[in-house]
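Notes for the one structure printed next.
Here is how names work: the chains are called A, B, and so on, in the same order as the sequence lines, proteins then strands, and each is numbered from 1. Only heavy atoms go into these numbers, but all of them, side chains included; no hydrogens, no water, no symmetry mates.
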2 protein chains.
Amino acid sequence: MNLDDRKKKILLAIIKTYLETGEPVGSRTISKIEGLSLSSATIRNEMADLVDMGYILQPHTSAGRIPSDKGYRFYVDQLMAEKEMELEERERETDEMKGLLVEKADKMERLLKQVARSLSTNTNYAAMISAPRYNINRLKFIQLSRMEANRIVAVIVVEGNMIKNQIIDIDEPIDDETLLKLNMLLNTTLNGMAIEDISLSIIAKMKQQAGDQAGIIAEVIDAVAESIKADEEDLEIYTSGANNIFKYPELADNQKASEIITAFEEKKQLTNLVYETLSHSDERGIQVYIGEESPVENMKDCSVVTATYELDEGIHGTIGIIGPKRMDYDKVLSTIKKLTTELDSMFKKNER
Amino acid sequence: MNLDDRKKKILLAIIKTYLETGEPVGSRTISKIEGLSLSSATIRNEMADLVDMGYILQPHTSAGRIPSDKGYRFYVDQLMAEKEMELEERERETDEMKGLLVEKADKMERLLKQVARSLSTNTNYAAMISAPRYNINRLKFIQLSRMEANRIVAVIVVEGNMIKNQIIDIDEPIDDETLLKLNMLLNTTLNGMAIEDISLSIIAKMKQQAGDQAGIIAEVIDAVAESIKADEEDLEIYTSGANNIFKYPELADNQKASEIITAFEEKKQLTNLVYETLSHSDERGIQVYIGEESPVENMKDCSVVTATYELDEGIHGTIGIIGPKRMDYDKVLSTIKKLTTELDSMFKKNER
DNA sequence: GTTAGCACTCGACCTATTAGAGTGCTAACA
DNA sequence: TGTTAGCACTCTAATAGGTCGAGTGCTAAC
């Protein structure tokens, strides 16, 4: 049995109706609404087929039908194909966009929080955004300064002007000249290097050149490695609107709500989502995970829509919307599309 | 009518039983359990009085009694008085303490997250902790470094070794000598000053001394002010275990759960709690808010226990536990007490 | 292949009915 | 006068029975 044109139309009708009402939809409803005037009996026959094929489900024998994960998948694929076409046809006007406008923010953190909030309030679903991640961590500048007699502070600037600090305690006081020499050594050797490329041999060579001060070099390198590692480990993720899940009865029971909230609290689970999205995202950069498809265990009852935004070559992050499987995919896809676009242009202006 | 000794005993028995079972407690239960052997009838009479006095409530006519906010308040006050005594008598042994032990953490943020997590998993309630706030922001060290030709990075270290960075774009390249001069000027003038004490006249004087470079001075001062202000505005708060509320049926219905989760998401509400605690905390530093007493609107159905920890003179933060009104106050008070103590000693060791 | 018709199913909702826990009150007791 | 036994009463939670209606599956006719 294959999915002929009529079956497709009926399936889409069922899903759309269900998305609007949130209740199982019966054959009569479809027979009335649809352009292809067919009796409820015929619809019923087709529906039976669709159940067999796994596109829709019957909660119980004498109830209407609801879409299965497979059904949603069909719908979303269809929808995204349409969107593709639309976007080629005309540049979208930005009418419903006002609410989306993100205030100009000076700090990255604040900006990201605002984006998350904007997303969640606009869609009424839960939202998340990951801080941009620098795939290549290239060192730009290193500076050691003496803070107190036995204590220096290392300032490490990497590509994209992310700044890290590390305080280093030293055994013996260090004089200005040596400090200057160390700074020269560090910068001439390391500037422009990717963190991954700092090999042991380079470090050994630097230590040799540093002579007595080899210990400090080691500490600085450690500090560099440490701060980068820390950065990789806990990818910053901002969330907003987790409480929105309570608006959807199918997610609001204790068991499920607790799982979802937990995922939002323990950002580690969301980290998965980010990596998954970054690695699998296709050319469009938008990804839809339905139910069981979700990379986050605790969100198997949700749908998750993610997208990557790009700040600059090799620097990107992920935004995501988490809601019920019967979410308004149309709206969510538009919103997320617009937002990534806006983010891109914003970063261009805001690049510091 | 006043609260005589027998009434007190009965009241405490009711509350303790309710804390254990979570169900309305009847007169028979009390008459059996209690040392002061009285018949259920007598207990009933007393209970009626206690209802009149507002210490306990009757969910419906033929049900047992549950404590009112006023009842809980009585219980907690009693408990805290006892604790006071206990602590004077003997230094508490640290037997149940293992789980509480917080791993040594190098970064403040990670430490705070761990503390929050430790609190929530140990108590099975929700927990929060605010980053330590420096009441007096004293400048310790300022360093300008050239990063690129037209760009310098200002590193600002304040009391407690909190480090802020600010990138400053300048119109014309600056030479090493001038940079050195500026650094000297900044440090000799500002070191050791409290932020609040940097007056306009001081700034004017510095600008005058800086001559051509007055613009940079202004930018640095702005950066200092800015970074301090940003710090004050969004007080960092870390939370953990919000999902624990689902373990308590009286908090787990949609309406209430949503409110509580929202409070945890929008940290602004928790900020209130921190300020409230900091300003009102008595000598012991532990505060208990029961139901309506809570400074956080969305937590009127919870009890909130907070405490201040002190890192150093004038530097403190707040930890808090949020749970149902029938929380195990005894355990919570002990835990929070121990944790603040441990935090204090940890900060002493970890002070860098 | 499509449709009308009809018996059937099953959850949602409403209404007793019952059981049990707990009360309030009265009358007797120390 | 405070305490207690006894008893009728109240109210909830749980169970069972009954009805309604939406929706189905199937058959037979078109």
Atom [atom1] of [X] and atom [atom2] of [N]: how far apart are they, to the nearest Å?
X       : N      : atom1 : atom2 : value
A/Asp49 : D/dT24 : CG    : C1'   : 15 Å
B/Met47 : C/dC25 : CE    : P     : 15 Å
B/Asp4  : D/dT3  : CG    : C1'   : 15 Å
A/Gln58 : D/dA22 : CD    : P     : 17 Å
B/Ile14 : C/dT23 : CD1   : P     : 9 Å
A/Ile43 : D/dA22 : CD1   : P     : 19 Å

Candidates C/dT23, D/dT12, D/dG25 - which lies nearest the side chain of A/Arg65: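 Between C/dT23, D/dT12, D/dG25, the one nearest the side chain of A/Arg65 would be D/dG25.
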Residue B/Ser62, side-chain heavy atoms: nucleotide from C/dG24, C/dG22, D/dT24 that is nearest: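 From the listed options, C/dG22 comes nearest.
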Contact list for DNA chain C against residues 22-31 of chain B - heavy-atom distance below 4.0 Å: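 Result for residues 22-31 of chain B: B/Gly26, B/Ser27, sorted by number.
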Charged tip of A/Lys70 within 45° of A/Tyr55 ring normal and under 6.0 Å: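 Yes, A/Lys70 lies over the aromatic ring of A/Tyr55.
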In the structure I gave you, are the side-chain heavy atoms of [X] and [Y] within less than 4.5 Å of one another anywhere?
X        : Y        : result
B/Met327 : B/Val305 : yes
B/Cys302 : B/Tyr125 : no
A/Leu50  : A/Leu3   : yes

Between the protein and nucleotides 16-18 of chain D, are there any N/O to N/O pairs under 3.5 Å, and if so, what are the atom names and distances?
none

B/Gln255 versus B/Glu259, side-chain donor and acceptor atoms under 3.5 Å: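 Yes - a donor-acceptor pair under 3.5 Å links their side chains.
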Donor-acceptor pair between B/Arg44 and B/Ser27 side chains, under 3.5 angstrom: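 Note: B/Arg44 and B/Ser27 side chains meet the donor-acceptor criterion.
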Distance, nearest 0.5 Å, that separates CG of B/Asn272 from CE of B/Met299: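 CE of B/Met299 is found 10.5 Å from CG of B/Asn272.
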Distance, nearest 0.5 Å, that separates CD1 of A/Ile245 from CG of B/Asn254: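 CG of B/Asn254 is found 9.0 Å from CD1 of A/Ile245.
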Between the protein and nucleotides 15-17 of chain C, list every N/O to N/O distance that falls short of 3.5 Å.
none

Can you pull every protein N or O that's under 3.5 Å from an N or O on nucleotides 2-4 of chain C?
residue	atom	partner	partner atom	Å
C/dT2	OP1	A/Arg6	NH1	2.6
C/dT2	OP2	A/Arg6	NH1	3.2
C/dT2	OP2	A/Arg6	NH2	3.1
C/dT3	OP2	A/Ser39	N	3.2
C/dT3	OP2	A/Thr42	OG1	2.7

Steps toward salt bridge (charged side-chain N to carboxylate O under 4.0 Å, His left out) verdict (B/Arg73, B/Asp69): CA-CA 6 Å; B/Arg73 169 52 56 204; B/Asp69 282 12; over 6 Å; no
With sequence neighbours excluded, residues passing side chain to side chain contact (heavy atoms under 4.5 Å, CB included) with B/Arg28: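 Listed in chain order: B/Lys32, B/Ser40.
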Pairing residues for A/Thr21 by the side chain to side chain contact (heavy atoms under 4.5 Å, CB included) criterion, not counting sequence neighbours: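 A/Thr21: side chain to side chain contact (heavy atoms under 4.5 Å, CB included) contacts with A/Thr17, A/Glu23.
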A/Gln58 side chain to A/Gly64 backbone, donor-acceptor under 3.5 Å: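 Pair absent, no side-chain N/O of A/Gln58 close to backbone of A/Gly64.
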Watson-Crick or G-U counterpart of D/dT27, or none if no pair lies under 3.5 Å: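 D/dT27 is paired with C/dA4.
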Atom NZ of A/Lys9 with >12 non-hydrogen neighbours under 6.0 angstrom: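 No.
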Working for salt bridge (charged side-chain N to carboxylate O under 4.0 Å, His left out), residues B/Arg326 and B/Glu250: CA-CA 10 Å; B/Arg326 62 174 177 94; B/Glu250 66 266 45; 2.7 Å; yes
